[in-house]
Amino acid sequence: MTEISKFRLLGRSNRRQFLAGATALGVGATVLGAPRIVRAAGGDVKVLNWQGYGTDFAPGLEAFQKASGFSVTHDYYTSEPEMMTKLRTNPGGYDVVLTNCVWNNLASKEELIQPIDTAKIANWKDLDPAFRDSERLNQGGKVFGVSWVWGTTGIAYNTDVYKPAPDTLAKLWDPDLKKKVALRDDGVENVGFAAIATGQDMNQPKDLDKVKAKLLELKDNVAYQWQSEDDWHKQFAAKSFDISTMWGGAAIRAKTGFKLPVGFYIPKEGGIGWFDGLAIAKGAPNPDGAHAFINFMVDPSFYVAWETKEGAPASANRKAMAALPDSDPTKAMASDQEAIKRLQFMAPLSDDERQKYSDLWAEVKTAYAG
């Protein structure tokens, strides 16, 4: 367990602390007020992120442009290695990039991202120190990522199919689920879940042969290997599978934003914890716009609208979490201390470890296809 396990859970507060009188949940720029932004003469902020992951939330973009004068354009990636490749091959092509806690250090060491001036992030003081000050986002006394959201990877399932709801990781290996299971096409994640399933540390499994054997046991059950949240939504809606490894916030978005019959749980054997930061790309053409956009993304006004309208992971901004209604599903998830105790938080991997897990997963996928 990393230092992130020390984060403090947030207390309850009345929703009137935020958006008093607002009844439309994040539908327009007036709801998404953006205090503390100094209007610019104009320009473009170029963002690199997963598609459909907050930074391209349309009401947010409208509000940001109205408040700041900056417009926003996006490019997308479907995996962290692809994100790194885009940064390497397009220097000066991006302003803001979403970096997972595991990948931020790698990006900073390669000088693909640049230090952030936290004096330009007005919401900095409200970020939970457990995330904000983590070594995952800070190196050599410099800040390379502003903590944005944190969440879990567990099991999403079709609530129309599974009654009562399952609660175990072992459910994926149920012999009755032939061609009903989906996995993310990611070696590190699948090695992690198989390590948990075999009683090992997901970050440092000591018996990779046991991990590989456990993944191979899923051959008859795996129907699909998804690569992005958008991909997952489409295949779930098409009933390509009934149960899958999935991010908790994405499961909430599937239910809230797409009206899909999705449930989610952290298996009793354990799940994966993570947090994401927003970084500024090396050679960013619009660093002022990048700082303004990052500050807007961590502001409670943006977060509450995004979460209540679409669904989002938990915010690293304590005031943003406190502003959510007590009935909010993400707030409930972030307050489930028993579930959080079952998480193993992602830790950085060496190049050799990452390659080893990637090679193992490639062998497993070949076996699935055979």
Side-chain angles (χ1 to χ4, degrees), residues 10 13 15 17-20 22-37 45 47-68 70-74 76 96-98 100 121-123 126-128 131 146-152 228-230 232-233 246-260 262 264 274-278 292-334:
L10 299 161
S13 66
R15 194 180 185 187
Q17 293 176 352
F18 177 77
L19 293 181
T23 56
L25 296 176
V27 201
T30 55
V31 174
L32 279 165
R36 299 185 297 275
I37 293 180
V45 178
V47 180
L48 179 63
N49 193 2
W50 303 90
Q51 186 171 11
Y53 191 28
T55 60
D56 57 2
F57 175 53
L61 298 186
E62 178 186 350
F64 175 72
Q65 182 168 0
K66 183 176 181 179
S68 70
F70 294 116
S71 59
V72 181
T73 59
H74 274 79
Y76 300 108
V96 176
V97 56
L98 186 286
N100 177 269
I121 309 297
N123 290 294
D126 298 325
L127 301 179
D128 191 319
F131 300 103
V146 175
S147 53
W148 184 38
V149 291
W150 68 272
T152 61
S228 69
E229 184 172 335
D230 181 64
W232 191 94
H233 286 158
M246 189 46 160
W247 307 306
I252 292 173
R253 284 189 291 280
K255 182 178 181 179
T256 303
F258 294 87
K259 310 304 179 185
L260 295 172
V262 178
F264 178 82
W274 48 267
F275 63 101
D276 287 335
L278 293 167
F293 186 71
I294 290 174
N295 185 60
F296 183 81
M297 285 290 105
V298 298
D299 195 277
S301 62
F302 167 79
Y303 176 76
V304 173
W306 177 31
E307 160 57 15
T308 52
K309 186 164 183 64
E310 284 195 344
S315 177
N317 187 327
R318 293 172 295 184
K319 287 186 176 180
M321 290 301 293
L324 292 172
D326 291 340
S327 59
D328 182 83
T330 296
K331 188 171 186 176
M333 180 182 68

Do [X] and [Y] come close enough that some side-chain heavy atom pair is under 4.5 Å?
| X | Y | result |
| --- | --- | --- |
| Ile252 | Phe264 | no |
| Trp150 | Phe131 | yes |
| Leu324 | Met321 | yes |
| Thr330 | Tyr303 | yes |
| Pro313 | Met333 | no |
| Leu61 | Phe293 | yes |

Query - Rounded distance (nearest 0.5 Å) linking atom CG of Leu48 with atom OG1 of Thr73 - result: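 Leu48 atom CG to Thr73 atom OG1 measures 10.5 Å (nearest 0.5 Å).
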
Query raised in the report: Distance-only, no hydrogens or angles: does the Lys319 side chain make a donor-acceptor pair with backbone N or O of Asp126 under 3.5 Å?
Result: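 Flag not set: sc Lys319 to bb Asp126 has no pair under 3.5 Å.
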
Query raised in the report: Are any side-chain N or O atoms of Gln65 and backbone N or O atoms of Ser71, one a donor and one an acceptor, separated by less than 3.5 Å?
Result: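 Judged by distance alone, no pair lies under 3.5 Å.
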
Query raised in the report: With a 3.5 Å cut-off and no angle check, do the side chains of Asn317 and Ser315 form a donor-acceptor pair?
Result: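 No, because no side-chain N or O of Asn317 sits under 3.5 Å from a partner of the opposite role on Ser315.
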
Looking at every non-hydrogen atom in both residues, tell me the closest pair between [X] and [Y] and how far apart they are.
| X | Y | answer |
| --- | --- | --- |
| Ala122 | Asn295 | N-OD1, 2.9 Å |
| Asn123 | Pro300 | OD1-CD, 3.9 Å |
| Ile121 | Val298 | CG2-CG2, 4.4 Å |
| Met297 | Gly54 | SD-O, 4.3 Å |
| Trp274 | Asn100 | CB-ND2, 4.0 Å |
| Ala320 | Val304 | O-CG2, 3.9 Å |

Requested in this report: Let me see the working for Phe64 and Phe302 under side-chain contact (heavy atoms from CB on, under 4.5 Å), right down to the final yes or no.
Outcome: CA-CA 9 Å; Phe64 175 72; Phe302 167 79; over 6 Å; no

Requested in this report: May I ask you to decide if the ring planes of Tyr76 and His74 are parallel, tilted or perpendicular, using 30° and 60° as cut-offs?
Outcome: parallel

Query raised in the report: What class does the angle between the rings of Phe258 and His233 fall in, given that below 30° is parallel, 30 to 60° is tilted and above 60° is perpendicular?
Result: tilted

Query raised in the report: Hey, mind stepping through Phe296 and Val72 against side-chain contact (heavy atoms from CB on, under 4.5 Å) and telling me if it holds?
Result: CA-CA 12 Å; Phe296 183 81; Val72 181; over 6 Å; no

**Report entry** side chain to side chain contact (heavy atoms under 4.5 Å, CB included) partners of Leu98, counting only residues at least two apart
**Finding:**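 Checked Leu98 against side chain to side chain contact (heavy atoms under 4.5 Å, CB included); matches are Asn49, Trp50, Tyr53, Tyr77, Trp148, Asp276, Leu278.
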
Query raised in the report: side-chain contact (heavy atoms from CB on, under 4.5 Å) between Arg253 and Trp306: does it pass, once the steps are laid out?
Result: CA-CA 10 Å; Arg253 284 189 291 280; Trp306 177 31; 4.1 Å; yes

